[in-house]
Amino acid sequence: MSIDTDTLLDWYDHSARDLPWRSPDCSAWGVLVSEIMLQQTPVARVSPIWQEWMHRWPVPSALAAASQGEVLRAWGKLGYPRRALRLHEAAAAIAEQHGDVVPQDVPTLEALPGIGTYTARAVAAFAYGRRVPVVDTNVRRVVARAVHGSADAGPSASKADLADVDALLPTPDSRAARFSAALMELGALVCTARAPRCQDCPLLPDCAWQRAGRPAYDGPAKPVQRFAGTDRQVRGLLLDVLRDTDEPVPKTRLDTVWPQDGQRDRCLDSLLADGLVEQVEDGRFALPGEQ
DNA sequence: CAGCCGTGGCA
DNA sequence: TTGCCAAGGCT
């Protein structure tokens, strides 16, 4: 069982969202920034922040010249703020080691902080048209259903997924990148995790999952991540205070965000260790690089 | 490699 | 309301 490339690409041409980072005018830097921001974060929340960043920091060297605090503030509440710090580091590396040009090949991209298996291939394909498999959670789900007849892919990605999609990539090279984008878009709009809209799916006639009678998911359970009461929530609350103030704040201010002293202090320590918070000379706390 | 790292919308 | 989910990466 395979996927009808023409059918999929035709659907993509008519149904794809008009996202700014898909514009032919969008730079490779713009694509890279969008991919980092989109890691575990919905399009609707990324869009306005991405626009702001492109206007403010149109090239890697521009972002590299900003302070960490400025970058974290501009990141706002996208979540996982270590991504912002790593993107800042990546921008500096691109500016200093690659002539301010985003690298094209996967190994070089993967060597940059914050860029892993998915993002490296997404940039190579979407920014440069390289013929490389781009496998995210959407693609894994679509392939699991349409090709393998399963309700969903397993909890974690594997090299087998990459090989899987590599075998599906069409020729010529110019169509491969659009094919990957189309697979992702189908997973985002139609072949969704919760309530797939199979009646609207262009792949319905050949879908292996459909033909198998849409069996339920029988793979290993996916780990459930709590949020309420975790260190992630407390770290978020602490960082929120610092984003919203111009001046360093005393620890007594940070102490108001969470009642449990031990957890609160541990989180503050971890933020300091991560370089997301800095302690200034008089003992107060601030975003890094702002004094 | 399993667990951790934010945030908010939606069913 | 609560649990699931959203273009992952790092250790």
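The chains referred to below are lettered A, B, ... by the order of the sequence lines, with proteins before strands, and numbering in each begins at 1.
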Holding to salt bridge (Lys or Arg N to Asp or Glu O under 4.0 Å), I want the full list of residues that pass it with A:R17, two or more places apart in sequence or in another chain. A:E185
By the 4.0 Å heavy-atom rule, please label A:P223 as base, sugar-phosphate, or nothing. nothing
Taking the C1' atom of each, how far is B:dG6 from C:dC4, in whole Å? 16 Å
Separation of atom CD in A:Q233 from atom C1' in B:dC5, rounded to whole Å: 14 Å
For the ring pair A:W57 and A:W29, is the centre-to-centre distance below 6.0 Å? no
What one-letter contact string describes nucleotides 3-11 of chain C from 5' to 3', where B marks a base within less than 4.0 Å of any protein heavy atom, S marks contact via sugar-phosphate atoms alone, and - marks no contact? BBSBBBSS-
State whether A:K77 places a side-chain N or O below 4.0 Å from either non-bridging phosphate oxygen (OP1 or OP2) of B:dG8. yes
What is the separation between atom CD1 on A:I36 and atom C1' on B:dC5, rounded to the nearest whole Å? 15 Å
Looking at A:R140 and A:D164, is there a salt bridge between them, counting it only when a charged N and a carboxylate O are closer than 4.0 Å? no
Just checking A:R243: base, sugar-phosphate only, or nothing, at a heavy-atom cut-off of under 4.0 Å? sugar-phosphate
Can you check the distance between C:dA7 and B:dC4, where both ends of the measurement are the P atom (answer in whole Å)? 23 Å
Please classify the nucleic acid contact of A:D274 as base, sugar-phosphate, or nothing, using heavy-atom distances under 4.0 Å. nothing
Using whole Å, what does the distance between atom P of nucleotide B:dC5 and atom CG of A:L239 come to? 13 Å
Check for a donor-acceptor pair, side chain of A:Q263 on one end and backbone N or O of A:Q260 on the other, with a separation under 3.5 Å. no
Do NZ/NE/NH1/NH2 and the carboxylate oxygens of A:R145 and A:D152 come within less than 4.0 Å? no
According to side chain to side chain donor-acceptor pair (under 3.5 Å), who are the partners of A:Q225, at least two apart in sequence or on a separate chain? A:R232
